[in-house]
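Remarks on the structure that follows.
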Amino acid sequence: MAVLGLTRLRSWLKVLASRFTAALLTSFAILATATIALAQEAAPAPTVWFDVDRLNILIPIVAFTLIILFYIQEARRGKSLFIRNMPGLDAIEEAIGRATEMGKPILYVPGIDDATNIQTIYSMIILNHVAKRVAQYDTPLIVPVGKAIVTPMAEEAVKSGYAAAGRPDAYNPNNVRFLSDEQFAFTAAVNGIMNREKPAANIYLGSFFAESLVLAETGIMTGAIQIAGTANIHQLPFFVVACDYALVGEEFYAATAYLSREPGLVGTLKATDVMKGVLMATILIGVLLEQLQIHGFKAWMQPK
Amino acid sequence: MRREIPILITIVIGWVMVMDFFFPPVSSVATRMRDWTLILIAISQMLGVANVARINLDKVSRKHPDAPYAMVLLLAIVLMIAFGVFLPKSATIGGLTWGGHEGGSVFDKVYNQMYVPMQGTMFSLLAFFIASAAYRAFKIRSPEATILGVTAVIIMIGQVPIGSLLWDGMPGLSAWIMNVPNLAAKRAILIGAALGAIATGMKVILGLERNYVGGE
């Protein structure tokens with residue numbers, strides 16, 4: 001009887017789940033339709049369908065997308081694409097090992113910006129990879145968060161990382177901590193965590209501002225191994241001098257491809273390199289044309 | 001479906017935002033979606049408060065060594081919410097009138113006279129940390145560190161009046177280092193980072209990168 005009851009409950013739950021999903025999809029469709037209708041009501045009949053002044057931006061973006069898709073195809077076909085060694089990313093493994101040996105936690109700071117910043121989103125992706133590795137060694141992973149909306153993202157990234165490693169029981173929800181969305185209140189709270197809980201490794205990956213040096217210098221004082229990466233160039237010198245390893249600019253965005261070696265992601269790295277070559281050629285052509293007093297190309301390339 | 005729906009929403013909204021930049025008729029839909037973002041961020045504050053309350057109440061109930069700090073934090077949250085909601089303008093507490101039209105509300109007063117100085121204190125630590133970081137960076141250990149140290153000295157001397165007293169060309173040399181080799185390196189890093197950001201954005205809106213909603 002109990003088995004029969006359980007089977008019925010399961011099938012009932014399945015029906016409920018499918019109906020809930022259908023209701024959710026329908027709500028989304030209604031919401032989207034209503035928004036479009038509202039937008040059409042609010043805006044007068046559009047006369048300009050395409051902003052021609054932005055063609056100079058559209059062309060490189062389309063070209064870049066095509067290059068990305070081409071290299072993803074190449075990588076998926078099995079073509080070997082070389083990625084140079086990145087000591088900063090190799091050091092993540094070393095830092096996890098060190099923390100495990102010392103029996104101390106790892107501190108992962110995903111920056112202080114909102115989820116609207118691509119660096120924060122990317123930091124969540126790297127956090128998921130780090131959580132997968134950390135879960136295998138049963139080492140505590142502390143994630144202080146500086147924006148409320150990032151908190152559920154960080155919780156999900158860590159939780160699913162632990163689940164993927166087959167250790168969902170090891171996930172401690174109290175280790176993903178929303179501290180404050182005020183810059184220096186957050187900094188003071190993270191410094192407090194460093195001084196009280198003495199993490200063996202501090203990983204700073206994301207968008208940082210004036211707090212970068214305060215965090216990294218405090219980390220030095222606690223004797224932690226430190227790895228940092230950001231695309232905010234004004235904070236890079238601080239991380240370079242105060243951390244053991246620093247991921248400079250684009251290296252930060254290469255992390256998941258480097259760590260996972262997934263063909264789709266490795267392909268985008270190669271496409272980025274090719275696009276850099278295209279940009280270098282464009283700059284050289286621009287310089288050459290300017291020297292020849294031909295200004296049309298520069299004028300067309302300038303953002304309007 | 002738990003992963004597919006958020007991924008689908010991200011892809012649709014991502015493409016709407018890209019199209020908004022090039023196709024003006026899409027802008028009204030994109031503006032509406034940006035408004036949704038603001039609403040979501042505002043609602044998410046509740047999640048943040050819930051997270052803080054859960055973690056700190058747990059510390060208090062378990063008599064964790066940090067429990068006294070957790071109690072101060074929880075009390076501060078409750079008091080600030082109470083000040084903001086119940087004492088919006090001014091109040092007389094213990095014979096003292098807090099707030100009012102000129103001084104702002106009690107909430108403003110506590111924020112400006114307690115939080116702002118503490119924030120200033122944290123920020124001022126940066127001056128000392130810059131000095132210790134500079135000491136480490138400019139220690140001459142290798143040819144690269146030597147170049148870095150010499151360049152830093154030229155830049156620093158070039159920025160102050162004594163620089164031109166020592167040598168007329170010092171401010172010009174300092175400006176040249178900042179505007180030519182330094183700017184070239186900064187732009188190279190910026191171009192690389194921008195391409196990385198575009199590639200990441202593309203990976204997300206093409207559905208190649210999906211771990212931002214949790215792993216596989």
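Proteins come first, then strands; the chains are lettered A, B, ... in the order of their sequence lines, and each starts at number 1.
In this structure, the side chains of A:W49 and B:P25 come closer than 4.5 Å at one or more pairs of heavy atoms. In this structure, B:F22 and A:F50 have side chains that are in contact, with non-hydrogen atoms separated by less than 4.5 Å. For the pair B:M122 and A:F186, the minimum side-chain heavy-atom distance is 4.5 Å or more. Here the side chains of B:M202 and A:T268 are not in contact, with every heavy-atom distance at 4.5 Å or above. Using a 4.5 Å heavy-atom threshold, the side chains of A:T256 and B:K203 count as touching. Side-chain contact between B:I130 and A:E217: absent, with no pair of heavy atoms (C-beta onward) separated by less than 4.5 Å.
In this structure, CG on A:N232 lies 12.0 Å from CD1 on B:I189, to the nearest 0.5 angstrom. Note that the CD atom of A:E211 and the CZ atom of B:F129 stand 13.0 Å from one another [nearest 0.5 Å]. Atoms CG and OG, from A:D51 and B:S27 in turn, are 10.5 Å apart once rounded to the nearest 0.5 Å. One distance of note links CE of A:M153 with OG of B:S44; it measures 11.0 Å at 0.5 Å rounding. For the atom pair OG of A:S180 and OH of B:Y115, the computed distance is 5.5 Å after rounding to the nearest 0.5 Å.
Enclosure of atom CE in B:M114 is not indicated, since only 12 or fewer non-hydrogen atoms of other residues, nucleotides or ligands lie within 6.0 angstrom. For B:M178, the CE atom counts as loosely surrounded, since its 6.0 Å shell holds 12 or fewer non-hydrogen atoms of other residues, nucleotides or ligands. No more than 12 heavy atoms of other residues, nucleotides or ligands lie within 6.0 Å of CD1 in B:I162, so this atom counts as exposed by the packing criterion. Atom NZ of A:K159 sits in a sparse spot, with 12 or fewer heavy atoms from other residues, nucleotides or ligands closer than 6.0 Å. Within 6.0 Å of CZ on B:F138 lie more than 12 heavy atoms contributed by other residues, nucleotides or ligands. The number of heavy atoms from other shown groups lying within 6.0 Å of CZ (A:F209) is above 12.
Using a 4.5 Å cut-off between heavy atoms, B:I41 touches chain A through backbone and side chain atoms alike. Contact of A:V52 with chain B is not made at all, since no heavy-atom distance falls under 4.5 Å. Heavy atoms closer than 4.5 Å to chain B are found in the side chain of A:D114, but not in its backbone. Neither the backbone nor the side chain of A:L127 comes within contact range of chain B, judged by heavy atoms closer than 4.5 Å. Heavy atoms of A:N175 lying under 4.5 Å from chain B are absent altogether. For A:H129, the part lying under 4.5 angstrom from a heavy atom of chain B is the side chain only. In this structure, chain B has heavy atoms under 4.5 Å from both the backbone and the side chain of A:L58.
Salt-bridge formation is detected for the pair B:R54/A:E155: a Lys NZ or Arg NE/NH1/NH2 atom is positioned less than 4.0 Å from an Asp or Glu carboxylate oxygen.
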Stepwise side-chain contact (heavy atoms from CB on, under 4.5 Å) check, A:D181 with B:Q45: CA-CA 9 Å; A:D181 52 9; B:Q45 291 299 327; 3.3 Å; yes
Worked check of side-chain contact (heavy atoms from CB on, under 4.5 Å) between B:L195 and A:L279: CA-CA 10 Å; B:L195 284 175; A:L279 285 182; 3.9 Å; yes
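Residues A:A231 and B:A193 share a closest heavy-atom pair of CB-CB, 4.0 Å.
Chain B forms the most heavy-atom pairs under 4.5 Å with one residue out of A:R196, A:E262, A:M280, A:M124, and that residue is A:R196. With chain B as partner, the option from A:L269, A:T272, A:L213 having the largest number of non-hydrogen pairs under 4.5 angstrom is A:L213. Between chain A and the options B:L47, B:L126, B:V204, B:I198, heavy-atom pairs under 4.5 Å are most frequent for B:L126. Interface remark: of the candidates A:S123, A:P173, A:P237, A:P173 forms the most heavy-atom pairs closer than 4.5 Å to chain B. When the candidates B:A197, B:G201, B:A199 are compared by the number of heavy-atom contacts under 4.5 Å with chain A, B:A197 comes out ahead. No other option in A:V145, A:I220, A:I126, A:T116 has as many heavy-atom pairs under 4.5 Å with chain B as A:I220. When each of B:K186, B:E209, B:Q119 is scored by its heavy-atom pairs under 4.5 Å with chain A, the top score falls to B:E209. Chosen from A:V241, A:I118, A:T151, A:N174, the residue pairing most often with chain B at heavy-atom distances under 4.5 Å is A:N174. When A:V158, A:I57, A:I61 are compared by the number of non-hydrogen pairs under 4.5 Å with chain B, A:I57 comes out ahead. Listed options B:T200, B:L208, B:L73, B:I43 were ranked by heavy-atom pairs under 4.5 angstrom with chain A; first place goes to B:T200. Interface remark: of the candidates B:V26, B:D66, B:T121, B:D66 forms the most heavy-atom pairs closer than 4.5 Å to chain A.
For the pair B:N51 (side chain) and A:F178 (backbone), a donor-acceptor distance under 3.5 Å is present. Remark: side-chain polar atoms of A:R54 are paired, donor with acceptor, to backbone N or O of B:F21 under 3.5 angstrom.
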